[in-house]
Amino acid sequence: MSNKLAVIVKKSGLDKTKAQVLLKNFSGYFQVASEWEKKARAIVVKDASQTVDMEIARVGRLFLREKRICIERARKKLKEQSLREGKAIDGIANILKALIVPIEEYLEKQEKYVEIKAKEKAELARVEAERKAEEERLAKEEADRKEQERIRIENERLRKEAIAKEEKMHAEREKAEAKRRELEEKIKWERQAAEEKRLGLEEKARKEKAELEHKAKKLEAEQQVKLEAEKREREKMQARLDKQIECPFCHRKFTLKERHHG
């Protein structure tokens, strides 16, 4: 395990002093981890009765937890030192750069005088070209705006004319619709009146027909009563005739009277 730490430190490229500090702070933990890796694998709990093994596992876990906390503290401490070193280095470098850069820039201007002037001239030309292009763009935008305004005004005029025309057509449609409804209403009432008249005539005819049928039935009934009365009278006369006997000598007919025996 300690060999792994040595390899990591070597590959980091740190100087010898800093490398020794890392080895001093962390090499012991590698040894602890190596030892407890073997001890931990030897503890295998398979039953609730293995209380000793469970207690050993607890002690080992707490021990390793404490080592892990120590490792973290060491890491933070070393990193804070490195940060302070980095800040100090950055501060010194910034002060030196603040002294050197202005001189370097001044000398560069002297060195590249021709190039700088050429760039300044090119920049002026670019700015002038951009100014002209902007003026042309603004002029075009103004012309477009005026054209759009003209089109808007023309469209507004056409829209108002279309609205007026539509309103007129709508009024005419409304008038025609009113006339149509009036005519339909008139036809409806005329049809209704004609239907009522037809129904009235039908009802009158039905009543007259019923009255005639009633009179016919009444007359038929009266006739039937009369016929039955006449039939009974004939039957009565026939019965009388059936009871008469004719005298063979004088040919007179007599009715036999029934005798009732008391």
Return the [atom1] to [atom2] distance between [X] and [Y], rounded to the nearest 0.5 Å.
X: E156; Y: L158; atom1: CD; atom2: CG; answer: 9.5 Å
X: E196; Y: W189; atom1: CD; atom2: CH2; answer: 8.0 Å
X: L212; Y: L219; atom1: CG; atom2: CG; answer: 12.0 Å
X: E208; Y: L201; atom1: CD; atom2: CG; answer: 9.5 Å
X: I153; Y: R150; atom1: CD1; atom2: CZ; answer: 9.5 Å
X: R68; Y: E66; atom1: CZ; atom2: CD; answer: 10.0 Å

Practice prompt. Please report the shortest heavy-atom distance between Q50 and V44, naming the atom on each side.
Written response: NE2-O, 3.1 Å
Around [X], counting heavy atoms of other residues, nucleotides and ligands shown, do more than 12 lie under 6.0 Å from its [atom1]?
X: E182; atom1: CD; value: no
X: R173; atom1: CZ; value: yes
X: R159; atom1: CZ; value: yes
X: Q192; atom1: CD; value: yes

Practice prompt. Assess whether salt bridge (charged side-chain N to carboxylate O under 4.0 Å, His left out) is satisfied between E123 and K119, documenting all intermediate values.
Written response: CA-CA 6 Å; E123 180 65 15; K119 287 182 179 180; over 6 Å; no
Are [Y] and [X] linked, directly or through intermediate hydrophobic residues, by side-chain heavy-atom contacts shorter than 4.5 Å (ILVMFWY only)?
X: V52; Y: M54; value: yes
X: I56; Y: F63; value: no
X: M169; Y: I163; value: no

Hey, are [X] and [Y] close enough for a salt bridge, meaning a charged N less than 4.0 Å from a carboxylate O?
X: R131; Y: E128; answer: yes
X: E233; Y: K236; answer: no
X: R198; Y: E202; answer: yes
X: K146; Y: E149; answer: no
X: E134; Y: R137; answer: yes
X: E203; Y: R206; answer: yes
X: K226; Y: E222; answer: no

Does some side-chain heavy atom of [Y] sit less than 4.5 Å from a side-chain heavy atom of [X]?
X: K140; Y: E136; value: no
X: E228; Y: R232; value: yes
X: L183; Y: K179; value: no
X: E55; Y: V59; value: yes
X: E195; Y: R191; value: no
X: E172; Y: K175; value: no
X: K188; Y: E185; value: yes
X: K231; Y: E235; value: yes

Discussion item. Checking E142 against R145 for the salt bridge (charged side-chain N to carboxylate O under 4.0 Å, His left out) test, could you report, in this order, the C-alpha distance in whole Å, the side-chain angles of both residues, the deciding distance, and whether it holds?
Written reply: CA-CA 5 Å; E142 180 64 16; R145 186 191 64 78; 2.6 Å; yes
Fill in: E190: partners by salt bridge (charged side-chain N to carboxylate O under 4.0 Å, His left out), with sequence neighbours left out
none
Discussion item. Salt bridge (charged side-chain N to carboxylate O under 4.0 Å, His left out) for R181 and E184? Distances and angles first, verdict last.
Written reply: CA-CA 5 Å; R181 288 195 298 266; E184 286 181 352; over 6 Å; no
Practice prompt. State which residues pass side-chain contact (heavy atoms from CB on, under 4.5 Å) with E120; sequence neighbours excluded, sorted by chain then number.
Written response: I116, K117
